[in-house]
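Just below is one structure, and these are the notes that go with it.
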Amino acid sequence: MRLKSTYLALMAAFTLTASAAPASLLDSNRTLYGYFNNSSSWDGDHGFASVDLFNPQGDPIYDVADLLYSFNDHGMASTGMFAGAGYEGVLYCFSYVFGGAAIPTGMISYDINTGLYSYIAPYDIQPQDATFDRKTGTMYALSGNRIWSVNLETAEFTPVVTIKSDMGFVTLAADAAGELYSIALDGVLYKVDKTSGVISKIIETGAEGFFFQQSMEFDPTTGNLIWAANASTINPFEMELIEFNLSGSEPTMTNHGVFGSDAVFNSLYIEGAASYAAPGAITEIAGTYDAATKSVTLTWTNPTTTFGGEELTELNGADILCDGKRLATLSDCKPGEKNTYTTTDVTMNAENRFSVVLFGNGGDGMPAYVPVYVGQDMPASPSGLTIKGTDDYATATLSWEPVTTGYHKGDLDAASVKYKIIRRPTNNVVADGLTETTFTDNKINRTLAYYYDVIAYNEIGEAPAAVTGTRILGPAFECPFEENFDDNGAVQNKWLMIDGNNDMSTWMLSSSAATTFFGDAETGLEYMLSPTGMTGDDADEWFISGPIKFEAGKNYEMILTARSLFDEQLEILFGQTEVPAELTKVKDLTIEESEYFEGDISIRPSYYSVALPTEGKEMVASVGLHLITPNTQNYCFLQISDIQVIEQGTGAVSTVAAPAVASRYHNGNFEVIGNFEKVEIYNVAGVKVAESTESVISMSNYEAGVYVATITTANGRSAVKFVK
């Protein structure tokens, strides 16, 4: 029986063979794992990925990253990761969804061997980085200046120590001895005492100005520290791979170059062996459950080379473990041969996670993991999920395929499967205990952008939810209908914003950019490309309203208030649905480059009226905008500050011409400079509230809100929106 623990063997082997081992992670043709986002080769997709490293004569250090689990394909296009770390072949990460702000959703796990994704539990601490102490199997997370331990079953955070510094820290990593390291905002790598929080300076990185999320981990083979880094002083729009060798009296730092362009890479995970002289990777590992004998048989093929690629001449044996418990040590193991092991020491109705660790004169090889489900399984996630609304948007019907397979590929009694449906974002459980595979939700009293979780479960457990697309459902909005973008939350509940080409350059709500480009802080729907950032593809951005009620015998129009640095191309859409592909194009519209008139405080918007094809019929329908401008210059800014849907002829703006006057709202007054005949002021409902020939009109007796002032001159009539 082998008496040394895995950890002691690893450390002893590394000490004996370190002098002969390659000095860098890049010398080993290794694979890194983590959460990767914004790689142009994926056309905007993101998720858990692997990156194969190589270093041939100065070529780039990364080949094409492989997307292992596509968030876009699994209904998670708006999901990202704050941070995470890997342990024994599983990534544990802290997810969020972005809806104007990053909202924590839960701790999740992803098995890089099986591809299984699982939701663990919600969490309430937002971490910058996380790491595993391989010595104890403890996950640590960094949030602010505090280090926490994390329970892998409950996602509960327990405080460990507060770092004795007010600088702020961005990364966290644990070495083989369980010592913690972090990089601070001053660009220095520090060692952090887990008991006292006292920091010790290790090396100055020269990196400052940390933009994107990043991660740091120790390579278990070389003992070197690996940093997937982003910093403005290195390259603000690239992810760089940096390696620290901390073994000598003078720590060294090597920047291996670009790791990802315009990328986020976090939750870094590195697998390895005790040394490059240790046995290489096991192949063809498999596990089979025999229900008759309630046993599991493992089979695998031993390597013929060391972890460093040299010929492997002998093996000392193999450790067999299950869920971290050592089951046996085999001594009859030879390079290149197959081995078999059978055990009845299993947990029923559960996943048993087996690992095989070969050991030789160079120490422990890299563990090979094979999960085997034993007994009755919980159901897999539903597939084929669809959502369909009615013409009045009042109900939604969901349907999906019956679940007949186990989540872990184990045995499943299909008759035991039930379904639960949760309406998001209000979190209402609208159905539970369903056995059929269709459900109609007809109790929607509030108009919002809804989506649904459909969860399959049995007495063993419940699978991760299948998630529908988002639909705006509920009572229709009355006309006149206006969106002035003063409340971002309300906008997201009344409109669908869709990044049609998933290039991550899409609509924004009320950024600070309007002040820079147009000279004021007007709110609005905005689209921007910056020559210093991610350029994006040709525009393919959708903005679609919720249901609007149109009365019989009336004709309607949509009026846009917009301004732009350059000409922008819009399609105006209409239809009894908010599904982009089912809408009908009404008109091609060009938002023209905005003009600046001498004496103006800011650049004026223009007004565009589009007749809607209601044909005098009573109906409930949606209006939509589809931005399709080709990206020819990597630089633009468009702002739509107001959208009105009104009966034709009732709005404040009917014809538009540029008057030779300037105007502004200032210190409680609406002011006009230049020759004009009269000013009329309308509220958001299109009702005239004031008329004057004076150049200064006091607004002190009017409620706060949005108003439109129409200015009549000898050249025509124009309108200006302002906010009191």
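In this text the structure is predicted, and so the values were computed from the model without any measurement.
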Just checking, is any N or O donor in the side chain of [X] or [Y] under 3.5 Å from an acceptor N or O on the other one?
X      : Y      : result
Thr79  : Ser95  : no
Asp540 : Trp542 : yes
Thr440 : Thr397 : yes
Tyr457 : Asp432 : yes
Glu401 : Ser383 : no
Thr506 : Glu541 : yes
Thr590 : Tyr608 : no
Glu526 : Gln639 : yes
Thr390 : Thr395 : yes
Thr426 : Asn428 : yes
Ser622 : Tyr393 : yes

Would you name the heavy atoms of [X] and [Y] that are closest together and state the gap between them?
X      : Y      : value
Glu522 : Ser641 : CG-CB, 3.7 Å
Phe543 : Val491 : CZ-CG1, 4.1 Å
Ile591 : Ala562 : CG2-CB, 3.9 Å
Ala709 : Phe670 : CB-CZ, 3.4 Å
Gly616 : Asn555 : N-OD1, 3.9 Å
Val264 : Phe36  : O-CD1, 3.1 Å

Look up atom [atom1] in [X] and atom [atom2] in [Y], then write down how far apart they are to the nearest 0.5 Å.
X      : Y      : atom1 : atom2 : answer
Leu570 : Leu627 : CG    : CG    : 5.5 Å
Glu462 : Tyr119 : CD    : OH    : 10.5 Å
Lys678 : Glu694 : NZ    : CD    : 15.0 Å
Leu638 : Leu525 : CG    : CG    : 7.5 Å

May I ask you to check whether [X] and [Y] place their ring centers less than 6.0 Å from one another?
X      : Y      : result
Phe518 : Phe637 : yes
Phe550 : Phe481 : no
Tyr123 : Phe94  : yes
Tyr110 : Tyr69  : yes

Keeping [X] on the side-chain end and [Y] on the backbone end, is there a donor-acceptor pair under 3.5 Å?
X      : Y      : answer
Gln644 : Glu483 : no
Asn266 : Met81  : yes
Thr404 : Ala414 : no
Tyr96  : Gly106 : no
Arg563 : Ile603 : yes
Thr386 : Trp400 : no
Ser510 : Gly524 : yes
Ser70  : Asp73  : yes

> Should the heavy atoms of other residues, nucleotides or ligands under 6.0 Å from CD of Glu436 be counted, would the total exceed 12?
Replying inline: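 Yes - once you tally the heavy atoms of other residues, nucleotides and ligands closer than 6.0 Å, there are more than 12.
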>> Are there over 12 heavy-atom neighbours, none belonging to Lys388, within less than 6.0 Å of that residue's NZ?
In response: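 Open: at most 12 neighbouring heavy atoms sit under 6.0 Å from NZ of Lys388.
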> Do the side chains of Met528 and Phe517 get nearer than 4.5 Å, heavy atoms only?
Replying inline: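 Side-chain contact under 4.5 Å: yes.
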>> Do Arg423 and Tyr450 form a cation-pi contact, if we require the NZ or CZ to be under 6.0 Å from the six-membered ring centre and within 45 degrees of the ring's axis?
In response: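 Yes; both conditions hold, so Arg423 lies above the ring face of Tyr450.
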> Mind checking what makes ring-ring contact (aromatic ring centres under 6.0 Å, His included) contact with Tyr451, not counting sequence neighbours?
Replying inline: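 Tyr451 satisfies ring-ring contact (aromatic ring centres under 6.0 Å, His included) with no other residue.
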>> Using the ring-ring contact (aromatic ring centres under 6.0 Å, His included) criterion, which residues pair with Tyr702? Sequence neighbours excluded.
In response: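 For Tyr702, no residue satisfies ring-ring contact (aromatic ring centres under 6.0 Å, His included) once neighbours in sequence are set aside.
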>> Run Cys636 and Tyr527 through side chain to side chain contact (heavy atoms under 4.5 Å, CB included) and show every step you take.
In response: CA-CA 8 Å; Cys636 74; Tyr527 180 77; 3.7 Å; yes
> Under the criterion side chain to side chain contact (heavy atoms under 4.5 Å, CB included), which of Ile422, Val467, Asp441, Leu385 is the partner of Tyr452?
Replying inline: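 By the side chain to side chain contact (heavy atoms under 4.5 Å, CB included) criterion, Tyr452 pairs with just one of Ile422, Val467, Asp441, Leu385: Asp441.
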>> Which residue in the set Val610, Asp642, Ile572 passes side chain to side chain contact (heavy atoms under 4.5 Å, CB included) when paired with Leu560?
In response: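 Only one option passes, and that is Ile572.
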> Stepwise, does the side chain to side chain contact (heavy atoms under 4.5 Å, CB included) test hold for Asn458 with Lys418?
Replying inline: CA-CA 6 Å; Asn458 60 11; Lys418 294 182 173 61; over 6 Å; no
> Would Ile421 and Leu434 satisfy side chain to side chain contact (heavy atoms under 4.5 Å, CB included), going step by step from the backbone distance to the final call?
Replying inline: CA-CA 9 Å; Ile421 300 176; Leu434 291 177; 3.7 Å; yes
>> Would Gln213 and Phe82 count as a side chain to side chain contact (heavy atoms under 4.5 Å, CB included) here? Give the steps.
In response: CA-CA 7 Å; Gln213 296 161 322; Phe82 284 129; 3.8 Å; yes
